[in-house]
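Since the structure comes first, as structure tokens, the remarks are kept for the end.
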Amino acid sequence: MSVAAFMFPLLFVLVLTGIPIAFSLIVVSAGAGLLAFGPNAFGQLYGSFYSAATNFILSAIPMFVLMGAILERSGIAERLFRVMQIWLGRLPGGLAVATIAMGAVFAAAAGVVGAVEVMIGMMAIPAMQRYRYKNSLIAGTICAGGSLGTMIPPSVIAVMYAALAQISVGELLAGMMLPGLLMIVLFIAYLIIQGMIDPPEAVDFVDDVTTMSLRDKLWLTFTSMLPICALIFAVLGSLLAGIASPTEAAAVGAVGALLLCILYGRFSLPMLSESLKITVRISAMILLIVAAGTMFMGTFAANGGSRLIRDAVQAAGFGDAGMIVFFLLIVLLLGFVLDWTANVLICVPLFAPFIRQAGIDPVWFGTMAIIVIQTSYLTPPMASSIFYLKSIAPPDMTYGQMCRGVVPFILLQLATLAIVALFPALATWLPDQIVGF
């Protein structure tokens, strides 16, 4: 049996023992590289590391992270949540619907999953508990809303996926738009139906939102929504129209976020310093995993990994549909134990050649793969979204309640995946219409 067959099991052993993913990838890559290249192994590994470090598209990641970090401190999140409460709060399950809407809007502005979830969680948990929503529904709604940063452009995951799959970032982001909107509609429909069937207990106090005049509501909506919509339009519009590269569009977003921070009176040098520190820390983590993942896939291929996968697919007798299901299942299973960065880095270089050879639309497959990654992000026992929520949740919100709360949203994500699989035009029509125009 080839060395490649032992690389994944060894990687999982190292990750499950608590070694950081980047260092686990490097250790396995170094060992397999010595077997494949002998004395020249470290020269080959350095080449992989250098190619990842000089990938121009990946330079967009720090800018998107900085945009999210600044927006988190700009005050726009609080204003947006208040606007959503005003206009959606009277619907059945209105606060839950407002939380999902808030997650969607902020995902389109920030593109960083963890930041979106923590922000909406810190605002939504007190408000929803005050209105006596069940903890399981609160947890599921916040986790689902935060996970929309995966599917709603601009998405850091999509930028990395496109760079590794060698497809257009703009086309992939455009392909994700309609499935992302479909997912939001399914989430909101479920919450409204849930609110009609099992409404929260009535409360006997008057919220200040209900006492606002129409003029005040309209003014708050205008001053909150117009700037954030302008920022989203500037980032996505310039990218999808081909005016700006992903890095340039991300830079526009970072500058726009800084201007919003100044506009709302939240700018200060300590705030900027903290945002830059967070950006450096998160970007360094992501890019180190990128470099380590590139090394891993290089040594995996050198030890016969591609041939191993090809032989497995041929031996199983999969057609194109079976191959797609097989690859997506691997992505889902890896998502149970690896974070999204390592998942993308391992799976995309491995599967992309087979997808191209089979003539499968790479944007369609990429969209489905990202939906699966988002689903694994919510799926216990290693759900990143639950760990993010646990860090900000009150003591009375248990891990069991969180796990129960995310189940309906996992099913809705799988429903979205099935619809996109049956109707590929959901992912392929929009890129053909708008990219480059």
Side-chain angles (χ1 to χ4, degrees), residues 71-72 74-110 115-134 137-149 151-153 177-178 180-233 236 257 260 263-264 266 408-409 412:
L71 283 175
E72 186 178 354
S74 67
I76 190 68
E78 294 94 329
R79 297 174 69 92
L80 275 176
F81 187 67
R82 190 168 173 79
V83 168
M84 298 303 176
Q85 277 185 274
I86 288 171
W87 300 112
L88 301 174
R90 292 186 179 276
L91 291 172
L95 270 183
V97 173
T99 300
I100 290 293
M102 166 73 180
V105 173
F106 219 84
V116 174
E117 182 174 339
V118 170
M119 272 186 290
I120 66 175
M122 292 179 69
M123 289 176 288
I125 290 174
M128 294 178 76
Q129 285 193 329
R130 188 182 183 196
Y131 278 87
R132 298 175 187 169
Y133 282 73
K134 293 180 179 178
L137 182 64
I138 296 173
T141 302
I142 292 169
C143 289
S147 74
L148 291 172
M151 275 300 295
I152 303 297
M177 281 187 175
L178 293 180
L181 291 173
L182 172 63
M183 189 179 294
I184 294 168
V185 169
L186 291 177
F187 285 175
I188 291 175
Y190 162 73
L191 290 171
I192 291 175
I193 294 171
Q194 173 70 19
M196 295 170 64
I197 295 173
D198 186 17
E201 298 177 26
V203 292
D204 56 2
F205 60 85
V206 178
D207 195 294
D208 61 343
V209 169
T210 62
T211 61
M212 289 179 67
S213 67
L214 179 61
R215 178 181 177 181
D216 290 339
K217 292 178 180 179
L218 292 174
W219 177 248
L220 179 62
T221 302
F222 177 78
T223 56
S224 300
M225 294 299 295
L226 182 63
I228 200 71
C229 289
L231 178 63
I232 294 169
F233 179 79
L236 293 182
L260 283 182
L263 178 66
Y264 290 119
R266 295 294 187 93
F409 296 97
L412 293 172

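All of these numbers come straight from a predicted model, not from anything done at the bench. Numbers for residues simply follow the sequence, beginning at 1.
- Partners of A98 by side-chain contact (heavy atoms from CB on, under 4.5 Å), not counting sequence neighbours, listed by chain and number: M84, L88.
- Scored by the side-chain hydrogen bond (donor to acceptor under 3.5 Å, both in side chains) test, W87 finds T221 as partners (sequence neighbours excluded).
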Quiz prompt | Pair F81-T99, side chain to side chain contact (heavy atoms under 4.5 Å, CB included): steps then yes or no | solution = CA-CA 7 Å; F81 187 67; T99 300; 3.8 Å; yes
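- Residues meeting the ring pair (Phe, Tyr, Trp, His ring centres under 6.0 Å) test with Y190, sequence neighbours left out: F409.
- To the nearest 0.5 Å, the span separating OG on S147 from CD1 on I100 amounts to 7.5 Å.
- Rounded to the nearest 0.5 Å, atoms CG (L412) and CD1 (I184) are 12.5 Å apart.
- The closest side-chain heavy-atom distance from I188 to L191 is not below 4.5 Å.
- Remark: D216 pairs with no residue by the salt bridge (charged side-chain N to carboxylate O under 4.0 Å, His left out) rule, at least two apart or across chains.
- For the residue pair P227 and L260, the shortest heavy atom distance occurs at CB-CD2, 3.1 Å.
- From Q85, atom CD reaches atom CG of L220 across 10.5 Å, with rounding to the nearest 0.5 Å.
- Closest non-hydrogen pair, G94 versus Y133, comes out as N-OH, 3.3 Å.
- Nearest heavy atoms, I138 versus I125: CG2-CG1, 4.1 Å.
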Quiz prompt | Criterion side chain to side chain contact (heavy atoms under 4.5 Å, CB included) on L148 and F187, from CA distance to verdict | solution = CA-CA 11 Å; L148 291 172; F187 285 175; 4.0 Å; yes
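- Distance check: I142 CD1 to M123 CE gives 9.5 Å after rounding to the nearest 0.5 Å.
- The side-chain heavy atoms of L95 and R130, taken from C-beta on, include no pair separated by under 4.5 Å.
- Between L231 and A257, the shortest heavy-atom distance links the atoms CD1-N, 4.0 Å.
- Listed by chain and number, the residues in a side-chain contact (heavy atoms from CB on, under 4.5 Å) with F233 amount to none (sequence neighbours excluded).
- Minimum interatomic distance between S224 and I228 (heavy atoms only, all atoms of both residues): O-CG2, 3.6 Å.
- P92 pairs by the side-chain contact (heavy atoms from CB on, under 4.5 Å) definition with I192, M196, not counting sequence neighbours.
- Distance check, rounded to the nearest 0.5 Å: OG1 of T141 to CE of M128 gives 4.5 Å.
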